Q: 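Before we start, here is the structure in question, set down as structure tokens.
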2 protein chains.
Amino acid sequence: MEKIRILIAEDHKLIRETWTFILNNDSRFSVVASCSDSGEAVEIAAVRKPEVVLMDINMMPLNGFEATAKLATVSPESKVIGLSFYSEMLFVKKMFSAGAKGYITKNSSREEMYEAILAVHAGGLFVCEEIRAQGFDITLPPVNEPANAFSLTNKEIQISQCIRQGLRSKEIADKLNISIKTVEAHRHNILRKLQVKNSISLVSLMNSKNGYVKYSF
Amino acid sequence: MEKIRILIAEDHKLIRETWTFILNNDSRFSVVASCSDSGEAVEIAAVRKPEVVLMDINMMPLNGFEATAKLATVSPESKVIGLSFYSEMLFVKKMFSAGAKGYITKNSSREEMYEAILAVHAGGLFVCEEIRAQGFDITLPPVNEPANAFSLTNKEIQISQCIRQGLRSKEIADKLNISIKTVEAHRHNILRKLQVKNSISLVSLMNSKNGYVKYSF
DNA sequence: GAGAATATAAGTGTAATCACCTAGTAAATA
DNA sequence: TATTTACTAGGTGATTACACTTATATTCTC
């Protein structure tokens, strides 16, 4: 029996190393590579062609979405499993839209991670118990959410994540290599779309689970 | 050689289970219990008297601080190692003030976690490479921060709650019937005490799960 | 009573946010 | 092809936040 070849993309070294350890410790799995960045994961996947990719999207969900979509083109045989701390539906839906075959949260059990890997490797789809409990039905076709005034663009999502981290416009501009005026334009549009009066309210909205799901994307 | 008896307090099941697995997989360690809540960790420690406690303080730092302090009274023989995603000095200092013997971040390596457990079990102190790189010197005696450097007064708590709601200084002043300059003075003191750079970071800190108001920081 | 902590609030100045405007390019869509 | 949307980025001006200083009255504690 061939071992399932796995790539791990997870930004926290300790988590990455422990997962690598326990998966390599299991005769069914073999971690062929690991990295801390989702973009790097795409490059590695293009060369190593792992059968399963564990993609953490916690800190930079947008990068995770993009990377998943890119990965599907450079290595369509690799099945991506999304991993995050939260079970926000929009993240789950976005990941499946991007081509992911599975999604588990960090409240899943260790056995569920094994199950997920085996399921997607066998050509199936998998979501963890926590997300199923929230009514996510993997058998239903992806719903086309209507675009409305409350939906943010990818750039706006990315910038709102930066705002949430306490970054200033100047710092965001440097980080994303765009003009501070562009950042300010996006900020203004974000506040307008979500109908909040300032960045503090935006962060409060993002941090309130229901609010984030309901309004952010 | 007796195995080192370990208690794990970590709110994410997947992380908790993987750590339990790899530690139990090592002949030097034995995980005697694990829990998802720092308060529960105190109760367990009082009975099981673990030699080392891995205390995740990521999502609920304040609970983690209090639990560490309580743990030192109900089970002084247990050495606490703080664990978090971030290497914020405030958290590190707070944890050592509360009686922790070690601190590692989730950017540490797996070996560093082992080292930390062995070090505190042997009666020493330990901080991970990432925190040492930021200039934290464990050999120095604990700096006596000005008495209430980390504790907010009632007024400051009241005002920080208003900030959280997205209220501006002017609005807070009107609501509390005080001068806007007084509000600004309080805001400045709040940011200084909690060592955050702006109100957004303050709100993020407050919104980290149970918030801080309950525990008056 | 002396000292410390708290709450109050003024001044001064710098930096950041926010509102509103215009406007070009590129990509997707009708 | 024409239109829309997203992303870019400049200008202007008002408002707000933040840093730092000084100062007074009160309250609590040593």
Side-chain angles (χ1 to χ4, degrees), chain A residues 62-63 65-66 69-70 73 94 97-98 144-206 216-217, chain B residues 144-206 216-217:
Chain A
L62 179 66
N63 291 356
F65 302 150
E66 287 197 343
K70 277 185 194 167
T73 65
K94 274 247 177 192
S97 300
N144 266 353
E145 302 280 344
N148 57 37
F150 297 134
S151 66
L152 300 185
T153 67
N154 286 341
K155 209 72 194 182
E156 287 162 353
I157 292 169
Q158 194 174 19
I159 284 171
S160 62
Q161 301 276 348
C162 292
I163 294 171
R164 184 189 214 169
Q165 290 166 32
L167 297 182
R168 285 184 256 266
S169 295
K170 177 71 174 63
E171 294 169 326
I172 298 171
D174 290 343
K175 183 174 180 175
L176 304 182
N177 283 314
I178 54 179
S179 161
I180 189 173
K181 291 304 292 184
T182 305
V183 176
E184 286 180 345
H186 283 307
R187 291 184 76 133
H188 183 252
N189 288 331
I190 292 167
L191 298 187
R192 180 180 50 78
K193 283 187 178 180
L194 302 186
Q195 296 178 14
V196 289
K197 61 179 173 181
N198 56 31
S199 294
I200 305 265
S201 299
L202 169 67
V203 171
S204 292
L205 185 67
M206 293 174 76
S216 271
F217 295 101
Chain B
N144 263 355
E145 301 280 347
N148 289 316
F150 300 128
S151 67
L152 298 187
T153 66
N154 288 336
K155 207 74 193 183
E156 286 164 352
I157 292 170
Q158 194 176 16
I159 285 172
S160 61
Q161 284 173 323
C162 292
I163 294 172
R164 185 190 213 167
Q165 290 165 30
L167 297 181
R168 282 183 262 266
S169 294
K170 178 70 175 65
E171 295 168 327
I172 297 171
D174 290 344
K175 183 175 181 177
L176 304 183
N177 283 313
I178 53 179
S179 162
I180 188 175
K181 290 306 291 186
T182 305
V183 176
E184 286 181 345
H186 283 307
R187 292 184 77 134
H188 184 251
N189 289 331
I190 292 167
L191 298 188
R192 180 180 51 77
K193 284 186 178 180
L194 302 185
Q195 295 179 19
V196 290
K197 64 177 175 182
N198 56 31
S199 295
I200 306 255
S201 299
L202 169 68
V203 170
S204 292
L205 186 65
M206 295 174 74
S216 292
F217 233 36

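Chain identifiers are assigned alphabetically (A, B, ...) following the order of the sequence lines, protein sequences preceding nucleic acid strands; residue numbering begins at 1 within each chain. Not measured: the values here are computed from a predicted model. Note: hydrogens, waters and symmetry copies are ignored here, and every other heavy atom, side chains too, is used.
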Q: Polar atoms only, N or O, under 3.5 Å: list the protein pairs with nucleotides 11-13 of chain D and their distances.
A:
residue, atom, partner, partner atom, Å
dG11(D), N7, Lys181(A), NZ, 3.3
dG11(D), O6, Lys181(A), NZ, 3.2
dT12(D), O4, Lys181(A), NZ, 3.1

Q: Can you tell me how far apart NZ (Lys193(A)) and CG (Leu202(A)) are? Round to the nearest 0.5 Å.
A: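 These two atoms lie 13.0 Å from each other.
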
Q: Nearest-Å distance, NZ (Lys170(A)) to P (dT17(C))?
A: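 So the NZ-P distance, Lys170(A) to dT17(C), works out to 12 Å.
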
Q: Starting from C1' on dT17(C), measure out to CD on Glu171(B) and report it in whole angstrom.
A: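 Distance, rounded to whole Å: 14 Å.
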
Q: Mind calculating the distance between NZ (Lys197(B)) and P (dA15(C)) to the nearest angstrom?
A: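 After rounding, the reported distance stands at 16 Å.
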
Q: Identify all pairs in which a protein N or O lies below 3.5 Å from an N or O of nucleotides 21-26 of chain D, and state each distance.
A:
none

Q: With the side chain of Ser199(A) defined as its heavy atoms from C-beta on, choose the nearest nucleotide among dT17(C), dC7(D), dT16(D).
A: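 The answer is dT17(C).
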
Q: Go through the structure and list residues passing side-chain hydrogen bond (donor to acceptor under 3.5 Å, both in side chains) with Ser201(A), not counting sequence neighbours.
A: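 Partners of Ser201(A) under the side-chain hydrogen bond (donor to acceptor under 3.5 Å, both in side chains) test: Asn198(A).
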
Q: Under 4.0 Å between a side-chain N or O of Lys155(A) and OP1 or OP2 of dT8(D)?
A: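 Yes, Lys155(A) has a side-chain N/O under 4.0 Å of OP1/OP2 on dT8(D).
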
Q: Separation of Ile180(B) atom CD1 from dC18(D) atom C1', in whole Å?
A: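 Roughly 12 Å, once rounded to whole Å.
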
Q: At how many degrees, to 10°, do the end axes of the helix from dG1(C)-dC30(D) to dA30(C)-dT1(D) meet when each uses five pairs?
A: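 Comparing the first five pairs with the last five, the axes sit 50° apart.
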
Q: Of all the heavy-atom pairs spanning Ser199(A) and Ile200(B), show the shortest one and how long it is.
A: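 Shortest heavy-atom contact: CB-CD1, 3.3 Å.
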
Q: Who are the side-chain hydrogen bond (donor to acceptor under 3.5 Å, both in side chains) partners of Arg168(A), not counting sequence neighbours?
A: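 None.
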
Q: Could you tell me the separation between the CG atom of Leu176(B) and the C1' atom of dA7(C), rounded to a whole number of Å?
A: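 After rounding, the reported distance stands at 12 Å.
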
Q: Please compare Asn177(B) and Asn198(B) by the position of their nearest nucleotide in DNA chain C and report the one closer to 5'.
A: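 Going by which nucleotide is closer to the 5' end, it is Asn177(B).
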
Q: Measuring only between side-chain heavy atoms, which start at C-beta, is Leu191(B) closer than 4.5 Å to Arg187(B)?
A: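 Sidechains of Arg187(B) and Leu191(B): no contact.
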
Q: Does Thr182(A) have a side-chain nitrogen or oxygen under 4.0 Å from the phosphate oxygens OP1 or OP2 of dA9(D)?
A: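 Yes, such a contact exists.
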
Q: Please state how far atom NZ in Lys193(A) lies from atom C1' in dA19(C), giving the value in whole angstrom units.
A: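 Checked: the NZ to C1' distance equals 17 Å.
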
Q: Starting at CZ of Arg164(A), measure out to CD1 of Ile157(A) and round the result to the nearest 0.5 Å.
A: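 Spacing of CZ (Arg164(A)) from CD1 (Ile157(A)) equals 12.0 Å.
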
Q: Which atom pair, heavy atoms only, marks the closest approach of Glu156(A) to Ile190(A)?
A: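 Looks like O-CD1, 3.3 Å.
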
Q: With the side chain of Leu191(B) defined as its heavy atoms from C-beta on, choose the nearest nucleotide among dC7(D), dT8(C), dA19(D).
A: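 Of dC7(D), dT8(C), dA19(D), dA19(D) is nearest to the side chain of Leu191(B).
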
Q: So which nucleotide from dT17(C), dT8(C), dG10(D) ends up closest to the side chain of His186(B)?
A: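 Looking only at side-chain atoms, His186(B) lies closest to dT8(C).
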
Q: What is the separation between atom CG on Leu202(B) and atom C1' on dT16(D), rounded to the nearest whole Å?
A: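 Roughly 16 Å, once rounded to whole Å.
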
Q: With rounding to the nearest 0.5 angstrom, report the NZ to CD distance, Lys197(A) to Glu171(B).
A: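 The CD atom of Glu171(B) is 3.5 Å from NZ of Lys197(A), to the nearest 0.5 Å.
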
Q: Only distances under 3.5 Å count here; give the side-chain donor-acceptor pairs of residues 173-180 of chain B to other protein atoms, sequence neighbours excluded, each with its distance to 0.1 Å.
A:
residue, atom, partner, partner atom, Å
Asp174(B), OD1, Lys170(B), NZ, 3.1
Asp174(B), OD2, Lys170(B), NZ, 2.9
Ser179(B), OG, Lys181(B), N, 3.0

Q: Let's see if you can work this out: which of dT8(D), dT8(C), dA17(D) has an atom nearest to the side-chain heavy atoms of Arg187(B)?
A: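 Nearest nucleotide to the side chain: dA17(D).
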
Q: Is any side-chain nitrogen or oxygen of Ser179(B) closer than 4.0 Å to OP1 or OP2 of dA10(C)?
A: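 Yes.
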
Q: How long is the straight-line distance from OG1 of Thr182(A) back to CD1 of Ile159(A), given to the nearest 0.5 Å?
A: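 So the gap between those two atoms works out to 8.0 Å.
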
Q: Mind checking the SG-NE2 spacing from Cys162(A) to His186(A)? Nearest 0.5 Å is all I need.
A: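 Output value for this atom pair is 11.0 Å.
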
Q: Over how many whole Å does the gap from Ile172(A) atom CD1 to dA16(C) atom P extend?
A: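 The distance from CD1 of Ile172(A) to P of dA16(C) comes to 12 Å, rounded to the nearest Å.
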
